[in-house]
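Data first, discussion second: the structure below is written as C-alpha cells.
Computed over heavy atoms, backbone and side chain alike; hydrogens, waters and symmetry mates excluded. All chains are named by letter (A, B, ...) in the order of the sequence lines, taking the proteins before the strands, and each is independently numbered beginning at 1. Computed from a prediction, not measured in an experiment: that's the story for all the values here.
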Amino acid sequence: MRYWLMKSEPDDVSIDDLAAMPNQTVAWYGVRNYQARNFMRDQMEVGDLVLFYHSSCREPGIVGIARVSRKAYPDETQFEVGGHYHDPKSSRDKPRWFNVDVQLTRKTRLMPLAEMRHIPGLETMMVLQRGNRLSITPVDPKHWALIEKLL
DNA sequence: GCCAACGTTGGC
DNA sequence: GCCAACGTTGGC
C-alpha cells in the first residue's frame, strides 16, 4: 500500500465537488504528463491513500484524504474530439493516457502549502521541492504520518 | 499577471 | 541525438 499526493484545481474538481459526486468518487482524468501517468498506471493499487490537494487557487494546500478505488484504465477524455483533453495521437487500440478512480475518505481542514513548508520533518517531501510541477507525487509514509497527525 | 522551472516538440 | 524554442505549471 502506497501513499500519494494528487493536485486538483478547485475550479475544475474541488474537494466539495468530490464530496457531491455519486459514491463520492471521481475519475482522475486529464493527466498529460508521462511521469504522473506512470505513477497511476504502474504503481497505484486499490486502497492506496491520497492527500487531496488544491492547486492554482487562492489558498493552495491539502483539503482532504481519499483512496484509490479503481485501478488505472484509459482516460476517456483523450478520445473526446474537440475537448480540452483530446489527444489526436491516441487511439482506443493504443491509448496513451490512463486514470484511476479516487473516492473521498474524509474532508479535512485546509493545511496550507505555507504551513507544510514549516513542518519539521517535511523538508524532503517531493511536492515541496523547488520547481516541482508534478500533479501526482508519491508520499513517504513518514511524511504521511506527520501530516495526518496535524490534520 | 509575472515568471521560474521544467517538459515537449521539431528542425537539423 | 542535440538543443533552441515553445508551452505549461503553479506559487506568489
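Contact check for A/Leu51 versus A/Tyr3: no side-chain heavy atoms found under the 4.5 Å cut-off.
Applying the side-chain hydrogen bond (donor to acceptor under 3.5 Å, both in side chains) test to pairs two or more places apart or on separate chains, those with a residue in residues 114-123 of chain A are A/Arg109-A/Glu115.
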### Message
Generate the contact string for nucleotides 5-12 of chain C. Rules: B means base contact, S means sugar-phosphate contact only, - means no protein heavy atom under 4.0 Å.
### Response
--BBBBSS
### Task
May I have the step-by-step check of side-chain hydrogen bond (donor to acceptor under 3.5 Å, both in side chains) for A/Thr124 and A/His143, ending in yes or no?
CA-CA 9 Å; A/Thr124 55; A/His143 293 156; 3.2 Å; yes
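A/Met125 and A/Trp4 fall into different hydrophobic clusters, where Ile, Leu, Val, Met, Phe, Trp and Tyr are joined by side-chain heavy atoms under 4.5 Å apart, directly or via other members.
Taking the six-membered ring for Trp, A/Phe52 and A/Trp28 have ring centres closer than 6.0 Å.
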